[in-house]
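Okay, structure first, notes after.
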Protein chains: 2
Amino acid sequence: MAEPMYRRIAQELRERIESGILNPGEQLPTEVELVETYGASRNTIRDAVKWLATRGLVESRPGQGTFVTQRFEPFVTTLSADETGLGGSEGEGAYREIRERGRTPSWSQPRVEVQNAPRYIAERLRIPQGTPVITRRQERYIDKQPWSLQVTAYPMDLFTQGATDLMMAKDIPDGAVSYLARTLDLEEVGHRDRILVRPPSEEEAWFFRLPDDGRISVVSLVRTGYRDLGSGPEPFRATFTTFPADRNQFVINSGSVPRALAEPAVDQHFDGSQTSSVRETS
Amino acid sequence: MAEPMYRRIAQELRERIESGILNPGEQLPTEVELVETYGASRNTIRDAVKWLATRGLVESRPGQGTFVTQRFEPFVTTLSADETGLGGSEGEGAYREIRERGRTPSWSQPRVEVQNAPRYIAERLRIPQGTPVITRRQERYIDKQPWSLQVTAYPMDLFTQGATDLMMAKDIPDGAVSYLARTLDLEEVGHRDRILVRPPSEEEAWFFRLPDDGRISVVSLVRTGYRDLGSGPEPFRATFTTFPADRNQFVINSGSVPRALAEPAVDQHFDGSQTSSVRETS
DNA sequence: GCAAATTTGTTCGTATGTATT
DNA sequence: CAATACATACGAACAAATTTG
């Protein structure tokens, strides 16, 4: 009796899902059917289903029913560019990687804005909060599915000094970094990537069609690009890219590694091998 | 009337939390108090509180009350080792980074096991599933708080060929990679990191004290190390490290970047600037 | 295009159990 | 042991979304 009834029901449904009796996309019995099957009240059945829904095992749709959640096939992005410029998560290298993997990239026209740097930009560019910066924002798709949201922030200086295309709401085909190299003789001597995981913003949840309970996080990739004016590396751009965490993986190569593009890893927990006994979710 | 009552109540409580009227760790009014405040039934109040709990804003404790969730200060791990070997997420480099940041690392004695390679190991080492491998497993702490779980798998060959310490349940002070270099003249010519985000296993949820609803994911870092026997890079070890996603960030340096260790980034969404109107969570 | 049937969503009331102080 | 606070469970009614006839 330690286990409450709604949990026992949830467990049993869970086993039916994990053993493959109920396949992804399939409909669960309706609430009324479950009431009859388990001899519990409808509220208790609903508690059980909600327990499963919270854990992402099922999704309920009003007027239709409750369905086993569909998993996405993960997409792999290589953060380190190789000698040929393949990968790197940005610009043409990223799109080439997608094509190399047999899929089709597409992207929106950039939206350009001058805004007063909020904290997360100011910190990266080492400027006071509120300083005007140019931001270029783009939605990126794979096979027409929303894949990532990208925003890059540049100090206004770069525009003043002649990089006028930064303010144009059109693609820079060879990438903004090489445009800046061409135009201002500005060389990116290095960059630093930060990776963090956080709940989606409303905009992100909407764009990626994530459930509105924040259960699925986004991976936020922040790349700061540095130039050197003689006194050490100084940031001149910050790129913020977000990816839904449930269908993206990232790869970083270092030194000599196999030539082939990395395949998705099995997205699977490595539990305590044979050590752990049948410990159930308590 | 479009918005159900429990959502309006949840919204109002949420605003009280986000505006700082209710601070992290503080207790919410009890259910009975909320019943009086909002003139709703206790079940409706509970629905509102559950809505907040699902999103990780509050946590309920039986017999005590409901409290605003405490956030952790993020810890930053540098995945790319610098010239001095600082960082790199493994072995002494990782512990040096922790000390450099003014915190204290500790770790468990490794647990060594010979097990039949499950799929996620077999795929990395490119061996058939079920082949025996040596696994070394370690818990790692920062300031006594659980920080990460690490498992490294090696092919049995390495042991057979003389790397007998791999099977000893004691620390290899300078790291297993340099031990293998010393003993077998095995050079790691490169490695590939994979980063993915997934719900915690039961063991992980327990070790990291994560809520049991799987709301907080773990970041899984998979590093495959390669050697070269003349026919291109071949994997000889696979290290799986998991970190709770809500309190860890990762940094990868490339080229010339500032010397100082990277500080945590503001873990904050960049919403559609001024574009988005007052769209509420629907 | 509409009405009926189906299915989940919201809300109330009530009673009892369990954990903590 | 008593008081407090959240957890579980039942029953009932009506609302809202969707599909079907």
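Everything quoted here is computed from the prediction, not taken from an experiment.
- Judged as a side-chain hydrogen bond (donor to acceptor under 3.5 Å, both in side chains), and not counting sequence neighbours, the contacts of Asp143(A) are Arg103(A).
- Residues satisfying the side-chain contact (heavy atoms from CB on, under 4.5 Å) test with Ala262(B), not counting sequence neighbours, are Arg192(A), Arg194(A), Val251(B).
- Computed from coordinates, the Gln27(B) CD to dA5(D) C1' distance equals 9 Å when rounded to whole Å.
- In this model, the phosphate group of dC6(D) is not approached by any side-chain N or O of Arg46(B) to a distance below 4.0 Å at OP1 or OP2.
- The side chain of Glu31(A) sits closest to dG9(C) out of dA5(D), dG9(C), dA9(D).
- Residues forming a side-chain hydrogen bond (donor to acceptor under 3.5 Å, both in side chains) with Ser217(B) (at least two apart in sequence, or on another chain): none.
- Listed by chain and number, the residues in a side-chain hydrogen bond (donor to acceptor under 3.5 Å, both in side chains) with Gln27(A) amount to none (sequence neighbours excluded).
- In this structure, Trp51(B) atom CH2 and dT11(C) atom P are separated by 14 Å, rounded to whole Å.
- Per the geometry, CD belonging to Glu3(A) stands 15 Å off C1' belonging to dG17(C), to the nearest Å.
- A heavy atom lying under 4.0 Å from DNA chain D marks the following residues of residues 56-66 of chain B, by number: Ser60(B), Arg61(B), Pro62(B), Gly63(B), Gln64(B), Gly65(B), Thr66(B).
- The distance from atom NZ of Lys50(B) to atom P of dC6(D) is 14 Å, rounded to the nearest whole Å.
- Comment: Arg16(A) does not engage Glu26(A) in a salt bridge, judged by the lack of any side-chain N to carboxylate O separation of less than 4.0 angstrom.
- Residues that satisfy the ring-ring contact (aromatic ring centres under 6.0 Å, His included) test with Phe67(A), not counting sequence neighbours, are absent from this structure.
- With sequence neighbours left out, the side-chain hydrogen bond (donor to acceptor under 3.5 Å, both in side chains) criterion links Glu12(A) to Tyr38(A).
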Open item on the list: Please determine whether side-chain contact (heavy atoms from CB on, under 4.5 Å) holds for the pair Leu22(B) and Val58(B), giving the CA-CA distance in whole Å, both sets of side-chain angles, and the decisive distance to 0.1 Å.
Closed with: CA-CA 11 Å; Leu22(B) 283 164; Val58(B) 304; over 6 Å; no
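- Protein atom CZ of Arg8(A) is 12 Å distant from nucleotide atom C1' of dT8(D), rounded to whole Å.
- At whole-Å resolution of the value, CZ in Arg7(B) and P in dA16(D) are 14 Å apart.
- With sequence neighbours excluded, the residues satisfying ring-ring contact (aromatic ring centres under 6.0 Å, His included) with Phe250(A) are Phe243(A).
- The stretch residues 34-45 of chain A touches DNA chain D through Ala40(A), Ser41(A), Arg42(A), Asn43(A), Thr44(A), each having a heavy atom within less than 4.0 Å of the strand.
- Across the protein-nucleic acid pair, Asp47(A) atom CG and dA7(D) atom C1' stand 10 Å apart, rounded to whole Å.
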